[in-house]
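Just passing along the structure, written as structure tokens.
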There are 2 protein chains.
Amino acid sequence: MENDSSKRGGPRPGAGRKPGGGLYGEPTTVLRVPTSQAGPIRDFLSALNRKRQRDAQDNVLELAEFVPDCRKISLPLYTSKVAAGFPSPADDHVERRLNPSDYLVDNDSATFFVRVKGDSMIDAGIFEDDVLVIDRSRVPQIGDIVLAVLDGEFTVKTLGKSKSGARLLPANKHYPVIEVKEGQSFEVWGVVTGSMRKFK
Amino acid sequence: MENDSSKRGGPRPGAGRKPGGGLYGEPTTVLRVPTSQAGPIRDFLSALNRKRQRDAQDNVLELAEFVPDCRKISLPLYTSKVAAGFPSPADDHVERRLNPSDYLVDNDSATFFVRVKGDSMIDAGIFEDDVLVIDRSRVPQIGDIVLAVLDGEFTVKTLGKSKSGARLLPANKHYPVIEVKEGQSFEVWGVVTGSMRKFK
DNA sequence: TAGATTGATTTCCGTTACAGAAATCAAGAT
DNA sequence: ATCTTGATTTCTGTAACGGAAATCAATCTA
């Protein structure tokens, strides 16, 4: 201010923005919301404001847009109840079909099964008494679950690699990693391509 | 702490709550909202969370009908202990021959399949993308894993019992037990008798 | 041995604090 | 009569804070 004797401006007690003079015309509250919902909530508040401007005397707005979508799963096979209460193979809604043999076996002349003993692969979802599908024609890769023979003993483990050769990784923290050492006979007999289990 | 020589506790680098471990399972943002809308927005977020919990328990992805083998295969099932040599069809260690459909399906006309999503039954060895064998003709018992419909939503859980009726037990400690309440529509559509999985 | 306890660690969430923007005031200038 | 001006007051988005909640693994207990 160059002119120190300016007589403009000055104290105006009671001046200042009046309450309700903001964007929403009412007091505000700070809320923490999931980041994914911040945008939608902002959009909603914008829309609410636009509606309030349009309906100056009527500012009722339902939060209908924000009711969670409770759509049911739409499964054509079973959304209608047939008379007996159970769908039948002849039901017109059938869309998917499955045969376990076709699903599990790619190359039947190179496939056999092994029943599992123990829990060393439990974290990979392979439980005691599961039946594993073994495909001899598959080329084993690092990370594959394989049927291996180490010193004449069969074992099912994840194939790993170490500096000196192969290792067999259990999927259960209570079991040690098996390092294949010099002088040991080691062979991969097939790759586990699937598994099946009976519950009852 | 009266005993200064306690040896419990202590530094654990890397301990601490993991990201995504909060109420919303995602990062949050602070928003200022009109006070009149704070309640409705809170209600919305609560409802959204409840829906997310329901969705997480909803582990049925798709259904499929059983179809018989078009070409019957019968492949060897070996014991896991074969002393030496490559297993052969004449090998004494062949436990028996096995067809996956015969192994998994007891009652053709009452069987269908469900593909699973999520991890709510992971401790029962039911992983994402597993295909479950559902037998409609089985009478469900307490302790059975069942395909149930609760308020129009399919879910696979262990059937439990409470004082007031049924409950559905997840096999994952991170999921709550589902209590079936008065007024809810609840039905068991079949018993899980088996499962299968493709690894590759 | 399995499960509980413990002190430390890390993230989360509701609230408070902060600071610049926005709106308002009336005396003085044009 | 209208515009300008420095001061005043409220508003709004974001930063900061602090206790709660969840997690960790060494140690203890049954």
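Just the heavy atoms: all of them, side chains too, but no hydrogens, waters or symmetry mates, feed the values below. In what follows, chains are A, B, ... by sequence order, proteins preceding strands, each numbered from 1. In this text the structure is predicted, and so the values were computed from the model without any measurement.
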Tell me whether Lys161(A) at atom NZ has more than 12 heavy atoms from other residues, nucleotides or ligands lying less than 6.0 Å away.
no
Any ion pair linking Asp129(A) and Lys198(A) (charged N to carboxylate O, less than 4.0 Å)?
no
Salt bridge (charged side-chain N to carboxylate O under 4.0 Å, His left out) with Asp135(B): which residues, sequence neighbours excluded?
Arg138(B)
In terms of the nearest nucleotide of DNA chain C, which residue is placed more toward the 5' end: Lys18(B) or Arg42(B)?
Lys18(B)
Between P of dC12(C) and OH of Tyr24(B), the distance in whole Å:
13 Å
Just by distance, do the side chain of Gln37(A) and the backbone of Pro34(A) share a donor-acceptor pair under 3.5 Å?
no
note: Glu26(B), atom CD; dT11(C), atom C1'; distance rounded to Å ~ 15 Å
Can a donor-acceptor pair under 3.5 Å be found between the side-chain atoms of Arg12(B) and the base atoms of dA25(D)?
yes
Got a donor-acceptor contact below 3.5 angstrom from the Arg17(B) side chain to the Gly21(B) backbone?
yes
Is a side-chain N or O of Arg197(B) found less than 3.5 angstrom from the main chain of Gly125(A), in a donor-acceptor match?
yes
Let me spell it out: for each of Thr28(B) and Gly16(A), pick the nucleotide of DNA chain C with the closest heavy atom. Which residue's pick is nearer the 5' end?
Thr28(B)
Spacing between Leu31(A) atom CG and dT16(C) atom P, to the nearest angstrom:
13 Å
Are Val192(B) and Trp189(B) linked, directly or through other ILVMFWY residues, by side chains that come within less than 4.5 angstrom of each other?
yes
Is it true that Glu179(B) and Arg167(B) have a side-chain N and a carboxylate O under 4.0 angstrom from each other?
yes
Atom pairs under 3.5 Å, N or O on each side, protein against nucleotides 16-19 of chain D: can you list them with distances?
none

Which hydrophobic side chains are connected to Val67(B), either touching it within the sub-4.5 Å cutoff or through other members that do?
none
Specify the residues of residues 118-126 of chain A, ordered by number, for which at least one heavy atom lies under 4.0 angstrom from an atom of DNA chain C.
none
Do the side chains of Phe44(B) and Val33(A) join up, straight or via other hydrophobic residues, at under 4.5 Å, putting them in one cluster?
yes
Might you list the N or O atoms of the protein lying below 3.5 Å from N or O atoms in nucleotides 1-3 of chain C, with each pair's distance?
none

Check this for me, if you would: do Asp55(B) and Lys51(B) make a salt bridge, where the nitrogen-to-carboxylate-oxygen distance has to be below 4.0 angstrom?
yes
For the pair Asp130(A) (side chain) and Phe127(A) (backbone), establish whether a donor and an acceptor sit closer than 3.5 Å, ignoring hydrogens and angles.
yes
Counting any heavy atom closer than 4.0 Å, what does Gly10(B) reach on the DNA or RNA strands: base, sugar-phosphate only, or nothing?
base
State which of dA7(D), dC11(D), dA21(D) makes the closest approach to the side chain of Arg17(A).
dC11(D)
Hey, does Leu23(B) reach any base, or is it just sugar-phosphate, or nothing, if we go heavy atoms under 4.0 Å?
sugar-phosphate
Earlier contact from the 5' end, DNA chain D, for Val33(B) and Gly14(A):
Gly14(A)
Short side-chain to backbone donor-acceptor contact, Ser185(A) and Asp151(A), under 3.5 Å:
yes
Ala15(B), nearest nucleotide to its side chain (from dC13(C), dC24(D), dC25(C))
dC24(D)
Starting at the 5' end of DNA chain C, write a dot or bracket for each base, bracketing those in Watson-Crick or G-U wobble pairs whose two distances are under 3.5 Å and using | for partners on another strand.
||||||||||||||||||||||||||||||
Going by an N to O cut-off under 4.0 Å, is there a salt bridge joining Glu26(B) and Arg52(B)?
yes
